[in-house]
Number of protein chains: 2
Amino acid sequence: MTRVEKGRDLARKGEHHHKREDPAEVLNRYIARHGLKATRQRTLIFETFYAAGGHLSAEELLERVRLEDPKISQATVYRTLRLLTECGLAEARNFGDGQTRYEIASDEHHDHLICTECGRIEEFEDPEIEALQEKVARAHGFEMTYHKMELYGVCPECRSK
Amino acid sequence: MTRVEKGRDLARKGEHHHKREDPAEVLNRYIARHGLKATRQRTLIFETFYAAGGHLSAEELLERVRLEDPKISQATVYRTLRLLTECGLAEARNFGDGQTRYEIASDEHHDHLICTECGRIEEFEDPEIEALQEKVARAHGFEMTYHKMELYGVCPECRSK
DNA sequence: GTAGATGCAAAAGCTTTGCATGGGT
DNA sequence: ACCCATGCAAAGCTTTTGCATCTAC
């Protein structure tokens, strides 16, 4: 069960529109402003999360972090993920498999394509669909604030097997 | 191992036009065909679920069922919900509030509009959006099997407050 | 009578929390 | 030195399961 890494894709995508602030700096500023502390564990978890490109569950992140430091506790991973979420660097998602997965927060909204065979997750955005969603919401009298959309199917690699 | 939601095996695709078979009969046939038994508890849970119109969590359903029979066990509600799901009468959804909610399965696919103020859930379908979703999936080389889409916002009633 | 269903409580899986200790600032 | 962060284990929540008993067939 190999999850595809997409760190570079994300980085490239980010350059299209705005220049994102350095995540490490965002984190450090948040820590400083709130009287928190920059610890070895936080740095490691933060870097591992970013290196993985997101879409990780707490358990998967813990596993990776422990390759570097086997003594990191589960609780610290959960607490750090909450911290990253609070300072806007990560976003919690849940794809109905019972675990929360976290992704790197991006300036642009995007939705997901998920392979039901291998679990691979790809991101996409489609302004045309978004426009129609707005339209549907308005037709029902709703003022839409956000949405979630996931397309499930079989990815090219799994199809060719 | 992906624990992605089980595919929808919507029986009787041929019967369009909202003409659904009597759910009670579907259930009874399923029970008969599989050597199961029609018990008082199953009937009660099934009827309560339908009477409520769906979108219930197991806990909420248990609560309602206990108004009628306070001795119904939680486990029986969960087991019955699984049964209803297996025979295609119910569908499990999860809207990210940590609980699985079940809805009455319908022949037609639909998505949801959810009010972030009062929790109200409305259903809709939009063929135009569905077509675009297919298109996006194909563009990524995916063969789409199903999707989920939820629009969150404020409903007319809550807006006017 | 027999296989399946129920109720209860225990267990399981994910996440959070209490507490004593360790470590940034 | 202060107080936040960590690690560990225990507790919380939702859902599942083992088991003795009951019940539909």
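Please read these numbers as outputs of a predicted model, since none were measured by experiment. Per chain, numbering begins at 1; letters A, B, ... match sequence-line order.
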- Query: Any side-chain N or O of A:Arg82 less than 4.0 Å from the OP1 or OP2 oxygen of C:dT17?
  - Reply: yes
- Task: Answer yes or no: does a side-chain N or O of B:Ser57 lie under 4.0 Å from OP1 or OP2 of D:dT14?
- Result: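 No, B:Ser57 has no side-chain N/O under 4.0 Å of OP1/OP2 on D:dT14.
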- Residues A:Glu157 and A:Arg120 bridged, charged N to O under 4.0 Å: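 Salt bridge between A:Glu157 and A:Arg120, a charged N being under 4.0 Å from a carboxylate O: yes.
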- Message: Short of 4.0 Å, heavy atom to strand atom, which residues of residues 71-80 of chain A count as contacting DNA chain D?
- Response: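 By residue number: A:Lys71, A:Ile72, A:Ser73, A:Ala75, A:Thr76, A:Arg79.
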- Sequence-distant partners of A:Asp111, side-chain hydrogen bond (donor to acceptor under 3.5 Å, both in side chains), two or more places apart: A:His109, A:His147
- Looking only at non-hydrogen atoms, find the nearest pair between B:Cys115 and B:Cys158 and report the distance. SG-SG, 3.8 Å
- Closest heavy-atom contact between A:Phe49 and A:Leu89? CE2-O, 4.5 Å
Protein-nucleic acid N or O pairs under 3.5 Å, nucleotides 23-25 of chain D:
unit_1, atom_1, unit_2, atom_2, d
D:dA24, N3, B:Lys37, NZ, 3.3

- Query: What orientation do B:His34 and B:Tyr30 show, parallel under 30°, tilted 30 to 60°, or perpendicular over 60°?
  - Reply: parallel
- Check whether the side chains of B:Glu103 and B:His55 place a donor and an acceptor atom closer than 3.5 Å, and report yes or no. yes
- Query: Backbone N or O of B:Gly153 within a donor-acceptor pair of the B:Thr116 side chain at under 3.5 Å?
  - Reply: yes
- Message: Can a donor-acceptor pair be found, under 3.5 Å and without considering hydrogens, that links the side chain of B:Arg42 to the backbone of B:Thr80?
- Response: no
- Per A:Gln41 side chain, nearest of listed nucleotides C:dC14, D:dG7, D:dT14: D:dG7
